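In what follows, a structure is listed as structure tokens, so that the remarks can point back to it.
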Number of protein chains: 2
Amino acid sequence: MRVTAETVARRAGVSRATVSRVLNNNPNVSDQMKRRVMKVIDELNYRPSSVARSLRLQTSDIVGFMIPVSLEQTFADSFFSDIMSGICDAVSLFSLRLQVFTSSPAGSQAIEQLIQSNQIAGVILHDRIEDPIRKVVLENGTPCVVVGTIEDKEDRETFGSVSVDNFGGVYRSVEHLIRSGYRKIAYIAGSMSSLGGGRDRLRGYQAALQDYGLECKSEHVGVGEFDREIARQIAERMLETDDRPEAVVCANDLMALGVISAASKIGLSVPGDLGVIGFNDSAFAKDIDPPLTTVRQPVQEIGYEAAKMLAMMIRGNEIRERHLVLPTQLIVRKSC
Amino acid sequence: MRVTAETVARRAGVSRATVSRVLNNNPNVSDQMKRRVMKVIDELNYRPSSVARSLRLQTSDIVGFMIPVSLEQTFADSFFSDIMSGICDAVSLFSLRLQVFTSSPAGSQAIEQLIQSNQIAGVILHDRIEDPIRKVVLENGTPCVVVGTIEDKEDRETFGSVSVDNFGGVYRSVEHLIRSGYRKIAYIAGSMSSLGGGRDRLRGYQAALQDYGLECKSEHVGVGEFDREIARQIAERMLETDDRPEAVVCANDLMALGVISAASKIGLSVPGDLGVIGFNDSAFAKDIDPPLTTVRQPVQEIGYEAAKMLAMMIRGNEIRERHLVLPTQLIVRKSC
DNA sequence: ATGAAAGCGCTAACAT
DNA sequence: ATGTTAGCGCTTTCAT
């Protein structure tokens with residue numbers, strides 16, 4: 001038989017109400033009583049049913065998180081695992097629970113229903129999660145924080161967000177290159193959809209060149225995908241021109257891989273003839289030859305902060321800063 | 001105000017019981033009535049509360065999944081994201097919900113309590129998850145399937161498992177090398193803890209050599225960690241001996257990276273002077289130079305099958321095969 | 001075929 | 001300070 005508050009109450013010779021009060025630290029209960037009840041709770045190893053609690057209180061302690069179905073190139077590495085373990089940590093700290101859904105039709109429908117019936121306390125979305133869910137979340141007034149940047153004005157008002165300093169990351173990459181003596185610096189961007197920080201990274205590049213009085217030539221800016229092969233082709237073309245760059249900054253480590261490959265094909269050595277910098281500090285970055293200089297984002301922390309902010313929103317606490325931008329860090333290795 | 005069965009009932013001019021019957025496809029309800037109630041349900045966009053349902057039925061539709069806190073080297077790539085998206089898919093197919101916990105103290109404690117109060121319908125564990133939880137799961141009789149291999153006899157009786165054909169993967173790697181003309185083939189193993197398939201992979205190597213009448217020299221077997229640097233050192237030592245191997249098979253792609261690096265340092269070209277094969281088909285495998293021949297495991301499918309099996313167990317269905325071994329596939333690229 | 005009513009485990013208003 | 005009681009939304013006997 002299941003141990004309920006009733007079981008505890010009877011054994012302790014008190015009423016269920018008292019057990020409940022002890023559990024919820026209600027001040028109106030004598031120390032003596034508290035001890036007595038606690039003792040029985042321990043003996044019976046009683047754990048209150050969060051289901052009953054949810055039903056009674058008409059609340060939920062469940063945080064929903066959606067992972068994109070197509071874990072594309074950009075997320076190829078441990079990105080989502082890391083985000084999630086950050087979320088998990090924060091979530092258990094605040095006595096919430098994490099429930100995961102995919103953005104597949106089945107997954108979206110599931111979370112949609114749960115939101116509509118108020119069985120989700122709050123949600124964490126990735127900035128690429130498509131509209132339908134955002135709309136449901138908005139309509140329902142469900143607390144929500146998005147991981148990444150929010151473009152939409154209205155969304156920014158209601159949602160929280162946790163992103164990283166994409167601009168600064170690339171800015172410091174370029175700065176590092178300049179200080180190391182490189183002058184002709186190219187940039188290969190990923191998708192130009194503003195999401196995933198693509199736009200900000202490009203702006204970081206442009207700003208750094210400008211601040212250091214360097215010209216920003218359009219031939220030295222390539223726009224592709226967050227993909228190695230495409231980056232390789234772009235790099236190959238750039239490196240074969242008369243005015244070839246001395247260094248190239250990539251929006252992504254995979255793309256840096258492509259650039260290195262292009263360089264070696266043409267017979268250029270890295271970092272000797274060409275400096276290369278990536279972005280993400282993917283797992284393999286330190287293990288390739290040459291070890292890749294890149295920008296690290298605090299992925300776990302993103303998840304942690306997002307969940308923490310969400311917990312605050314759920315509890316109705318004041319949020320000091322609802323759009324967090326976490327610092328990125330340049331990891332200098334051997335590729336430039 | 002929340003729409004409940006009561007709301008629907010009143011609007012349709014029937015009792016709550018009837019609404020419930022319609023929802024649960026109870027045969028004792030006239031078609032006419034069914035239509036009438038369904039219409040109202042649609043109009044009101046009514047969704048039954050799974051909380052109330054759980055309380056009444058004393059069941060749960062929640063599947064728990066634990067991710068290791070220390071996402072070690074082995075899991076560096078998208079392993080857990082992929083497993084999880086597989087689980088998610090299956091889980092929503094069976095109208096279950098996925099809840100994620102970390103193996104941190106906070107996380108374990110949380111899931112432990114939920115299991116003990118029967119609020120978890122079943123759990124999916126990784127084969128490295130430490131004892132405490134397994135014990136709780138066992139004691140509580142909670143359906144459980146583990147991702148990976150189960151060593152413990154008793155555990156094998158009660159738990160289900162989904163693993164991959166580690167043995168065959170390495171066997172076919174070695175076979176492929178032999179057929180390509182390589183004779184002196186070395187193997188660098190990861191951790192020898194049987195978990196994570198380490199042991200089976202090594203045995204696949206040994207069996208292949210034996211089956212093709214090749215000698216298995218102990219100098220050609222290295223045991224390290226699932227780590228690039230250690231593999232590099234081992235490879236360097238092997239390659240500097242008189243009797244240096246013509247090819248080396250690694251327990252892991254990262255380790256293959258280390259071997260390639262060792263080779264290039266010594267001036268050996270891959271695949272010219274040395275063939276290299278990895279394991280996992282990590283995201284970067286196809287993008288390095290040379291593109292790595294490796295063994296792919298169907299990671300998403302592992303998650304999918306695990307969740308499917310668990311769903312069967314939860315529903316009390318007969319399980320045909322409670323220890324699934326999914327096939328691995330040799331992906332031939334340019335490194336041998 | 002449908003309705004009335006009890007009860008899952010919990011909390012909070014009300015009573016003492 | 002403690003007990004009594006109603007009720008959260010649902011399903012399921014038991015009547016009819």
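Keep in mind that what you see is a predicted model, and the values were worked out from it rather than measured. Quick note on labels: first sequence line is chain A, next is B, and so on, each numbered from 1.
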Under 3.5 Å, side-chain donor or acceptor atoms of residues 317-324 of chain B against the rest of the protein: list the pairs with distances, not counting sequence neighbours.
| from | atom 1 | to | atom 2 | distance (Å) |
| --- | --- | --- | --- | --- |
| B:Glu321 | OE2 | B:His323 | N | 3.4 |
| B:Arg322 | NH2 | B:Thr158 | O | 2.9 |
| B:His323 | ND1 | B:Ser161 | OG | 2.8 |
| B:His323 | NE2 | B:Arg156 | O | 2.9 |

- Below 4.0 Å: OP1/OP2 of D:dT2 and any side-chain N or O of A:Ser30: yes

- Item | Results of side-chain contact (heavy atoms from CB on, under 4.5 Å) for A:Ser20 - residues two or more places apart only | A:Asn24

- Message: Please enumerate all residues that pass side-chain contact (heavy atoms from CB on, under 4.5 Å) together with B:Ala110, with sequence neighbours excluded.
- Response: B:Phe101

Under 3.5 Å, N/O pairs linking protein and nucleotides 8-11 of chain D:
| from | atom 1 | to | atom 2 | distance (Å) |
| --- | --- | --- | --- | --- |
| D:dC8 | O3' | A:Gln58 | NE2 | 3.2 |
| D:dC8 | O2 | A:Arg56 | N | 3.3 |
| D:dG9 | OP1 | A:Gln58 | NE2 | 3.0 |
| D:dG9 | N2 | B:Ala52 | O | 3.3 |
| D:dC10 | OP1 | B:Tyr46 | OH | 2.5 |
| D:dC10 | OP1 | B:Ser49 | N | 3.0 |
| D:dC10 | OP2 | B:Ala5 | N | 2.5 |
| D:dC10 | OP2 | B:Tyr46 | OH | 3.3 |
| D:dC10 | N4 | B:Arg16 | NH2 | 2.9 |
| D:dT11 | OP1 | B:Asn24 | ND2 | 3.4 |
| D:dT11 | OP1 | B:Arg53 | NE | 2.8 |
| D:dT11 | OP2 | B:Ser20 | OG | 3.0 |
| D:dT11 | O2 | B:Arg56 | NH1 | 2.0 |

- If only side-chain N and O atoms of B:Thr18 are considered, is one of them under 4.0 Å from the OP1 or OP2 phosphate oxygen of C:dG3? yes

- Task: Using whole Å, report how far CG of A:Asn26 lies from C1' of C:dA13.
- Result: 12 Å

- Taking only residues two or more places apart in sequence or in another chain, which ones pass side chain to side chain donor-acceptor pair (under 3.5 Å) with A:Glu112? none

- Item | Euclidean distance, atom CG of residue B:Asn28 to atom P of D:dC14 [Å, nearest integer] | 15 Å

- Query: Restricting to pairs with a member in residues 92-101 of chain A, which pass side-chain hydrogen bond (donor to acceptor under 3.5 Å, both in side chains), not counting sequence neighbours?
  - Reply: A:Ser50-A:Arg97, A:Arg97-B:Gln99, A:Gln99-B:Arg97

- Looking at the rings of B:His126 and B:Phe80, which for Trp means the six-membered one, are their centres under 6.0 Å apart? yes

